[in-house]
Amino acid sequence: MPKIQTLPDILISQIAAGEVVERPASVLKEVLENSLDAGSRSIQIHLEEGGAKLIRVIDDGCGIEKEDLALAFTRHATSKIHSLEDLETVETLGFRGEALASIASVARLSITSRATNSQQAWKLVGSADAQLEPAALMGGCIVEMRDLYFNTPARRKFLKSAGTEFAHCQEVIKRVALAHPEAAFSLTHNGRNHFQWAPGNLAQRLQAILGDEFMDHSREVLADGGILSLHGAIIDPTYADSIKDQTYTFVNGRFVRDKVISHALREAYRDVLHGSRQPSVCLFLSLDPSAVDVNVHPAKTEVRFRDSRAIHQFVFHSIQKALTSLAVPKNIAAPTTPPQLHQERQDSAPQFSTPYPPQHHYRTQQTQLEIQQPRQNERYYDFVAIPESTKSQFPPMGFAIGQLQGVYILAQTENGLIVVDMHAAHERIVYEKLKAAIDAQSIATQTLLIPITLQADTLKIATIEEHQETLLGMGFELGLAGPEEIVIRAIPALLQGGNPAKLVDTVLKELGEQGFSNTSTARRDELLATIACHGAVRANRQLSPPEMNALLRQMEETERAGQCNHGRPTWFALSMAQLDAMFLRGR
Ligand code: ADP
Ligand code: MG
């Protein structure tokens with residue numbers, strides 16, 4: 001039996017580095033967090049070759065005293081906590097005291113710093129026991145990391161291309177910068193300027209990072225539940241599917257990926273956002289630090305809540321509330337200009353006090369037309385006033401009088417005109433029918449007269465094997481026709497008429513990516529919404545009058561027919577009175 005030995009310190013750090021220093025972006029994250037913990041308001045970042053060759057961060061924080069410089073390089077040396085109580089209430093981003101030591105063990109690290117009120121700057125290169133050198137610096141810190149993994153070539157091999165590593169670094173900067181709009185950030189890569197974000201408020205930072213499109217189509221969330229609070233901005237459901245998904249969630253100022261929060265988000269957006277997508281949001285959850293354990297993961301991107309159910313409910317309800325108030329587009333009458341989140345862009349002094357500026361509001365355009373809109377979860381006929389005496393003659397959605405540009409169905413009702421987006425409406429109908437049939441385990445299948453074969457990659461083939469039963473339950477009968485070929489024998493009867501190969505391809509892709517289980521209704525519904533989108537009539541298909549009327553009758557029988565699965569309205573009504581008013585016609 002070999003003798004038991006304690007490991008040398010450098011080796012311990014290198015082992016720890018395996019968890020903390022995954023790639024250049026993780027080094028950058030630790031260094032940026034240290035700058036923010038030190039109270040910096042201006043942070044300059046210089047990278048070379050995706051950060052693998054150089055990461056240099058210059059900050060204007062409190063700096064490190066000469067006698068503490070060596071300690072900064074030492075494992076388990078931190079200025080941030082002193083006791084277990086401190087750990088339970090920690091408010092700084094770092095506290096484990098291992099980041100710099102880990103980085104120093106796998107790269108060439110140097111720190112130059114001049115602490116506030118000290119006469120001189122000092123520099124330490126390499127390790128805790130190196131000689132301190134006097135240096136020139138006005139204040140703050142310069143942390144420089146060169147040649148990541150120069151001494152661990154096996155690890156170096158895992159680094160991706162400079163472009164990929166740089167993309168990860170940018171993502172890290174975005175996360176940190178969103179949580180700290182009060183600090184300025186600038187970035188250069190290989191000597192080229194990438195951005196410069198001025199200090200400001202959250203809205204200004206969101207604008208810089210998530211872009212104008214997000215700002216124009218999002219709304220503020222401000223929910224205060226006493227010990228819990230949530231603030232930030234979320235995408236309007238109408239745009240949730242068309243705008244690139246960028247999901248940023250923070251707990252007590254720390255970017256986290258948390259199952260509880262993301263599940264609550266998906267649940268709240270469920271039925272308006274389909275597919276495997278996350279809605280674009282930037283949300284900050286704040287709670288008593290003792291109610292959340294941040295020390296679950298070395299990189300601290302995961303947390304554990306003491307009462308995750310309460311968190312789930314709070315996030316879900318806050319978001320759902322914000323979404324419901326958005327469910328009705330305010331100005332269908334102005335189709336080219338959807339509701340806009342209007343921000344007076346200010347160039348004046350930045351605000352630090354409020355997280356989101358009070359001048360943020362919806363610009364409500366006043367138009368002369370007041371158009372009835374179906375509200376989510378309410379039956380559309382609550383909104384179409386049909387005189388009691390004639391109710392029997394006209395069905396609520398009226399009778400089709402024609403098809404406009406292959407997109408809309410025009411229908412005459414008892415007291416006016418209804419315009420229906422036929423694809424959106426049909427999609428909702430198919431979706432609700434699929435849900436009902438699968439719930440009742442009575443999905444009708446259509447066996448194809450001639451089975452269709454299609455090429456499929458290994459993931460899709462594995463998906464068929466793994467989810468055979470689920471697929472059958474949804475009405476898909478699939479098999480293997482070769483090592484890279486599958487055969488479609490039957491599809492759900494509801495979806496015949498579409499393109500079975502494309503449909504199956506999408507189903508397998510989504511199923512392979514996100515899995516599917518009957519216990520998770522939300523996930524299942526996402527998949528069904530995607531399927532419904534494929535199965536629904538496409539725009540530009542000519543419908544016969546009986547087909548149009550059939551669609552109108554189906555809408556009358558479908559729950560939530562007022563919105564398609566992506567949250568767009570499916571129809572609106574114009575009453576005779578409104579038409580008369582348009583033509584200045586007194587009656
Ligand atoms: P932790 O952040 O967990 O305390 P680190 O290894 O990241 O551990 O840093 C060790 C210590 O070095 C910190 O506790 C802090 O006192 C000091 N330090 C690191 N970077 C900076 C900085 N940019 N400005 C001021 N102090 C810093
Ligand atoms: Mg740290």
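As the structure lists them, so they are numbered: ligands from 1, and atoms in each ligand from 1.
For ligand 1, the atoms closer than 4.0 angstrom to any heavy atom of A99 are 6 (O), 7 (O). Contact atoms of ligand 1 toward C141: 22 (C), 23 (N), 24 (N) (distance under 4.0 Å to a heavy atom of the residue). Close contacts between ligand 1 and A38 involve ligand atoms 24 (N), 25 (C) [criterion: under 4.0 Å to a heavy atom]. Those atoms of ligand 1 with a heavy atom of F95 less than 4.0 angstrom away are 1 (P), 3 (O).
Salt bridge R75/E98: absent, no basic N to carboxylate O contact under 4.0 Å.
Protein heavy atom at the shortest distance from atom 16 (O) of ligand 1 is S79 OG, 2.5 Å. Looking only at heavy atoms of the protein, atom 8 (O) of ligand 1 is closest to G97 CA, 3.1 Å. In this structure, atom 7 (O) of ligand 1 lies nearest to the protein heavy atom N34 ND2, 2.8 Å. The single protein non-hydrogen atom nearest to atom 12 (O) of ligand 1 is A72 CB, 3.6 Å, given as residue, atom name and distance. Considering only non-hydrogen protein atoms, atom 26 (N) of ligand 1 sits nearest to I64 CG1, 3.3 Å. Among protein heavy atoms, the minimum distance from atom 4 (O) of ligand 1 is reached at T78 OG1, 2.5 Å. Nearest to atom 23 (N) of ligand 1 among the protein's heavy atoms is D59 OD2, 2.9 Å.
With a 6.0 Å radius and a threshold of 12 heavy atoms from other residues, nucleotides or ligands, E133 has its CD atom above the threshold. Under a cut-off of 6.0 angstrom, the local environment of CG in L132 is crowded, with over 12 non-hydrogen atoms contributed by other residues, nucleotides or ligands.
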Please determine whether salt bridge (Lys or Arg N to Asp or Glu O under 4.0 Å) holds for the pair E165 and K160, giving the CA-CA distance in whole Å, both sets of side-chain angles, and the decisive distance to 0.1 Å. CA-CA 6 Å; E165 297 301 344; K160 300 282 185 293; over 6 Å; no
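Ligand 1 has no nitrogen or oxygen under 3.5 angstrom from a nitrogen or oxygen of D37. Close N/O approach between L100 and ligand 1 is found [any backbone or side-chain N/O within under 3.5 Å].
Under 4.0 Å from ligand 1, the heavy atoms of A77 that appear belong solely to its backbone. The proximity of L71 to ligand 1, defined as any non-hydrogen pair under 4.0 Å, does not occur for either the backbone or the side chain.
Each of E171, R175, K174 was checked for a side chain to side chain donor-acceptor pair (under 3.5 Å) with Y248, and the lone residue meeting it is E171. When each of C62, C141, S118 is tested with S113 by the rule side chain to side chain contact (heavy atoms under 4.5 Å, CB included), just one qualifies, namely C141. A side chain to side chain contact (heavy atoms under 4.5 Å, CB included) with F284 is found for exactly one of L202, L230, V251, namely L202. Evaluated for a side chain to side chain contact (heavy atoms under 4.5 Å, CB included) with T247, the options L265, I234, L283 yield exactly one hit, L265.
A pairwise comparison of heavy atoms in L71 and A77 identifies O-CB, 3.1 Å as the closest pair.
The Mg ion (ligand 2) has no N, O or S atom of T78 inside 2.8 Å of it.
Side-chain contact check for K80 versus N34: some heavy-atom pair is nearer than 4.5 Å. Within the 4.5 Å cutoff, no side-chain heavy atoms of F185 are placed close to those of I209.
Under a 4.0 angstrom heavy-atom cut-off, G61 registers as lying outside contact with ligand 1. Distances from ligand 1 to the non-hydrogen atoms of V143 include no value under 4.0 Å.
By the 30° and 60° cut-offs, the orientation of the rings of H189 relative to F166 is parallel.
The option with the heavy atom closest to atom 13 (C) of ligand 1, from among K80, E98, E30, R96, is K80.
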